[in-house]
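Only this structure's heavy atoms are used, side chains among them; waters, hydrogens and symmetry mates stay out.
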Amino acid sequence: MPANYATEREEMRKIYAECPEGHQVDHRTPAVAKDFHGTHVASGLHTLINLAPVPQRLNRMKASYFDPDNFRDQRPANAFPGGACDPELTEQEWSLVQLLVCRYGMDRAEAVRTLQTQIAEQRQAAA
């Protein structure tokens, strides 16, 4: 267990206790995380930052899959100054930018700023 596990334990219990109906508490990075080939590529810890309530269906679909290039929640936030969220857009997010530019004629820089603002707001709401 990580050194701060004892101090996080009560908050972790609260996440489980307050998990909404139809959701499950999920490890963002699975305990035994595998890539799309089924190879063990990471080990997620049972810590506060790695837990989140997610809809049961999505949790079952994700299973032990690990793809931090495309799933923002699986990126290690503490790797950035002050534990900040990774500012780089994922491949899926770049695809959304491309869609906004091509289909809706949005300026590329504006589309990136809009998406980054939405990501920051989601991150703030989750904290």
Side-chain angles (χ1 to χ4, degrees):
M1 290 284 126
N4 63 341
Y5 179 72
T7 59
E8 292 184 350
R9 206 174 345 195
E10 199 55 44
E11 285 297 314
M12 290 167 57
R13 285 185 182 130
K14 188 176 176 182
I15 288 175
Y16 282 96
E18 296 176 357
C19 186
E21 188 173 329
H23 287 63
Q24 294 174 328
V25 177
D26 178 42
H27 289 89
R28 293 175 179 178
T29 300
V32 178
K34 298 178 181 179
D35 65 11
F36 65 94
H37 296 297
T39 304
H40 182 179
V41 293
S43 297
L45 297 175
H46 188 65
T47 61
L48 186 60
I49 193 72
N50 197 33
L51 296 178
V54 296
Q56 290 176 356
R57 182 172 176 260
L58 291 178
N59 192 28
R60 287 188 195 112
M61 286 172 51
K62 183 182 99 136
S64 63
Y65 187 65
F66 182 69
D67 183 9
D69 291 335
N70 289 304
F71 296 102
R72 179 168 294 285
D73 280 356
Q74 291 183 335
R75 292 181 179 187
N78 290 333
F80 300 93
C85 182
D86 182 353
E88 283 298 313
L89 298 179
T90 66
E91 287 179 28
Q92 291 173 342
E93 291 163 347
W94 278 115
S95 295
L96 179 58
V97 167
Q98 191 64 25
L99 175 74
L100 292 170
V101 170
C102 292
R103 184 175 292 173
Y104 301 106
M106 189 178 231
D107 177 70
R108 182 179 170 84
E110 181 184 350
V112 169
R113 281 191 305 273
T114 299
L115 188 55
Q116 288 175 328
T117 300
Q118 289 173 348
I119 292 165
E121 288 171 356
Q122 289 170 355
R123 177 84 176 158
Q124 191 68 19

Please report the closest heavy-atom contact between [X] and [Y], naming both atoms and the distance.
{"X": "Trp94", "Y": "Val112", "answer": "CZ3-CG2, 3.7 Å"}
{"X": "Ala42", "Y": "Thr29", "answer": "CB-CG2, 4.4 Å"}
{"X": "Pro30", "Y": "Tyr65", "answer": "CG-O, 3.9 Å"}

Should Val32 and Phe36 be regarded as members of a common hydrophobic cluster, given that ILVMFWY residues are connected when their side-chain heavy atoms come within less than 4.5 Å of each other, either directly or indirectly?
no

Is there a side chain to side chain contact (heavy atoms under 4.5 Å, CB included) between Val54 and Lys62 once you walk through the steps?
CA-CA 10 Å; Val54 296; Lys62 183 182 99 136; over 6 Å; no

What's the spacing between [X] [atom1] and [Y] [atom2] if we round to 0.5 Å?
{"X": "Asp26", "Y": "Leu58", "atom1": "CG", "atom2": "CG", "result": "9.5 Å"}
{"X": "Leu48", "Y": "Lys14", "atom1": "CG", "atom2": "NZ", "result": "10.5 Å"}
{"X": "Thr47", "Y": "Glu8", "atom1": "OG1", "atom2": "CD", "result": "5.5 Å"}
{"X": "Ile49", "Y": "Glu11", "atom1": "CD1", "atom2": "CD", "result": "12.0 Å"}
{"X": "Arg57", "Y": "Gln24", "atom1": "CZ", "atom2": "CD", "result": "13.0 Å"}

Taking the side chain as every heavy atom from C-beta outward, state whether [X] and [Y] have any atom pair closer than 4.5 Å.
{"X": "Leu96", "Y": "Leu89", "value": "no"}
{"X": "Gln98", "Y": "Arg103", "value": "no"}
{"X": "Glu93", "Y": "Val97", "value": "no"}

Between Arg13 and Glu10, is the closest basic N to carboxylate O distance under 4.0 Å?
yes

Could you walk me through whether Val25 and Cys19 pass the side chain to side chain contact (heavy atoms under 4.5 Å, CB included) test, one step at a time?
CA-CA 7 Å; Val25 177; Cys19 186; 4.0 Å; yes

Backbone of His27 reached by a side-chain donor or acceptor of Asn50 within 3.5 Å
no

